[in-house]
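The basis for the numbers below is simple: all heavy atoms, side chains too, and nothing from hydrogens, waters or symmetry mates. Numbered from 1 within each chain, the chains take letters A, B, ... in sequence-line order.
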There are 2 protein chains.
Amino acid sequence: MLNDPMVLAPVTEAIRVEPEKRIRDRSATEKAILKAAKSLLAEEGFQNFGINAVARRAGCDKQLIYRYYGGLNGLVEAIGADLGNWVRDRIPEDTGGMFLLTYGDLMERLSLLFLEALRDDPLVRRIVAWEVSESTEQVRRLSEARSKALANWLDRMRGSLTPPKGVDVVAVNAILIAAIQHLVLSASAGGQCAGLALKTSKDWEKAATALKRIVRGVYG
Amino acid sequence: MLNDPMVLAPVTEAIRVEPEKRIRDRSATEKAILKAAKSLLAEEGFQNFGINAVARRAGCDKQLIYRYYGGLNGLVEAIGADLGNWVRDRIPEDTGGMFLLTYGDLMERLSLLFLEALRDDPLVRRIVAWEVSESTEQVRRLSEARSKALANWLDRMRGSLTPPKGVDVVAVNAILIAAIQHLVLSASAGGQCAGLALKTSKDWEKAATALKRIVRGVYG
DNA sequence: CCATCGTGTCGCCGAACGGTGACGTCAGTT
DNA sequence: AACTGACGTCACCGTTCGGCGACACGATGG
């Protein structure tokens, strides 16, 4: 009954009235797909991230995603490729006119820069949430690209400053980064973290002050 | 989401509880459902947490979940009710034979206790990941119950110790908790966090040492 | 001219989802 | 014994999902 061709025939003809052609431009379509995927992930989160949703948002057929990116896998990989540039694009490289004399000066500044950059970037926030929620190879690659870019940035900014002796810098910095990431994610999801409100700019000032104190406590 | 055809095949769901005929015992069924829900959430994560999956694991019909819990909402609420007891059940109240003379002593110990408790509890880990990934009223209630229980615990353990003056204890502690949570989540998902490996017990010792140093840095 | 190939579109499939109405079946009450 | 109501089960609905085969169209080049 559903497959009765008699019913389908007139329908196709009626739709044909509006030509409304999509221009044949592969690279443009590819960009549209990638842009749609990024905005979808940023706005809806990884939960509702799928072939159908991306295709809908890109205004194209999902088949093209398979053809051009090899499915969601390749698409995510393409997103991950941009992650390497994230730090460079979103975080200023200069010192903001400050003289960073000690490693503590540096890490205090970098912590706040990272905090603000993350607060301003919904896409990366979603990706970080994804990283701690799923354990697929897919996500692991994303995570790796991001942490590598982050490590590079840290290293580049360090310059000739030497960290204090006797401190496991990698471990301490990892904990600081973890704190910042979770703080921002919690705030983004629920407006608070462990009883600390994180909505108004006043709230964030308090958080930033506490973060500075922690960094200074460990790095002087 | 992101289904590889490879991983599609071995989707073996939990086996039914018993071939034996189901007894007419509402309270027993309710408990079975709640237990199934908790284990499902702990093992599979919130992504695959749904009416059908819970019913399958509980070995009962999903209709009963609607009848007894009013759907997933009520079921999650029931899970959340247990969260209030989590801290009490999972974290020792005594000081482990140590004398906690200062607030720094206290927070160092509490930080490590919390870290270990979280590492040992997959259910709460999944819930924390849920909290930072979704922003529904549902999850918000879970989050609130958890943070309230945590605050109570902190307060109870504090005893008569007074935190140092001039420090925003709430903010600093929130950041410490955030760091611990993210560290554990990252480790659980990818075995590392910001370039810091978190697999072997040796890795965790390094993390614990760094955490202690941070706590001591801010609280003396 | 026709043949080929890249591009875009369409419709269908099997599966899983959340949700609901209807139907057995058994226990306690009247 | 008959009724009632709670407990458990089943089948079905509409929707969405990922994935695939087939086709329409336009450009390109023999």
Side-chain angles (χ1 to χ4, degrees), chain A residues 1-33 36-37 40 44 46-76 136 138, chain B residues 1-14 16-33 36-37 40 44-76 136 138:
Chain A
M1 195 184 301
L2 258 63
N3 296 337
D4 194 346
M6 299 292 288
V7 189
L8 294 178
V11 174
T12 56
E13 194 166 357
I15 287 188
R16 277 205 139 291
V17 179
E18 286 291 338
E20 174 118 24
K21 296 195 167 184
R22 172 162 282 277
I23 36 167
R24 288 166 166 262
D25 184 342
R26 168 160 182 167
S27 74
T29 304
E30 279 180 357
K31 282 176 192 165
I33 291 174
L40 178 70
E44 308 283 336
F46 60 94
Q47 323 249 17
N48 302 66
F49 188 71
I51 284 280
N52 291 294
V54 171
R56 264 197 307 271
R57 181 168 286 230
C60 73
D61 196 275
K62 56 182 171 181
Q63 182 69 25
L64 300 182
I65 301 178
Y66 286 109
R67 284 223 268 264
Y68 297 155
Y69 289 95
L72 268 195
N73 278 13
L75 194 47
V76 171
T136 63
Q138 188 66 253
Chain B
M1 166 182 321
L2 297 179
N3 269 337
D4 254 326
M6 303 287 293
V7 297
L8 218 57
V11 179
T12 96
E13 199 57 54
R16 295 182 60 109
V17 178
E18 264 303 303
E20 140 191 9
K21 290 176 90 177
R22 182 152 282 281
I23 319 272
R24 287 172 165 256
D25 183 344
R26 167 158 182 167
S27 74
T29 305
E30 280 180 357
K31 281 177 194 166
I33 291 174
L40 177 69
E44 308 282 336
F46 60 94
Q47 324 250 17
N48 302 51
F49 187 70
I51 285 281
N52 291 293
V54 171
R56 261 196 309 271
R57 179 167 289 227
C60 74
D61 196 276
K62 57 182 170 180
Q63 180 72 21
L64 300 182
I65 301 178
Y66 286 109
R67 284 223 267 263
Y68 298 156
Y69 289 94
L72 267 194
N73 277 14
L75 193 48
V76 171
T136 63
Q138 189 65 256

(message) Checking contacts here: which listed nucleotide (C:dT25, C:dG18, C:dG8) is nearest the side-chain heavy atoms of A:T29?
(response) C:dG8

(message) For a quick test of reading the model, state the closest non-hydrogen atom pair linking B:L40 to B:A53 and the distance between them.
(response) CD2-CB, 3.6 Å

(message) Can you list, in residue-number order, the parts of residues 54-69 of chain A that come under 4.0 Å of DNA chain C, counting heavy atoms only?
(response) A:D61, A:Q63, A:L64, A:R67, A:Y68

(request) Give the minimum heavy-atom separation between B:L72 and B:G50, together with the two atoms involved. (result) CD1-CA, 3.8 Å

(message) Does D:dG18 have its OP1 or OP2 closer than 4.0 Å to a side-chain nitrogen or oxygen of A:N52?
(response) yes

(request) Check whether any side-chain heavy atom of B:K62 sits under 4.5 Å from a side-chain heavy atom of B:N52, and report yes or no. (result) yes

(message) What is the separation between atom CG on A:N48 and atom P on D:dT15, rounded to the nearest whole Å?
(response) 18 Å

(message) Quick check on C:dT7: is either OP1 or OP2 less than 4.0 Å from any side-chain nitrogen or oxygen of A:R26?
(response) yes

(request) Heavy atoms only: give me the nearest A:A37-A:L75 pair and the separation to one decimal. (result) CB-CD2, 3.8 Å

(request) Give the minimum heavy-atom separation between B:R67 and B:R26, together with the two atoms involved. (result) O-NH2, 4.4 Å

(request) Return the value, rounded to whole Å, for the distance between atom CD1 of A:I51 and atom C1' of C:dC12. (result) 17 Å

(request) Round to the nearest Å and state the distance from A:L72 atom CG to D:dT16 atom C1'. (result) 15 Å

(request) Round to a whole Å and report the spacing from CG of B:D25 to P of D:dT9. (result) 13 Å

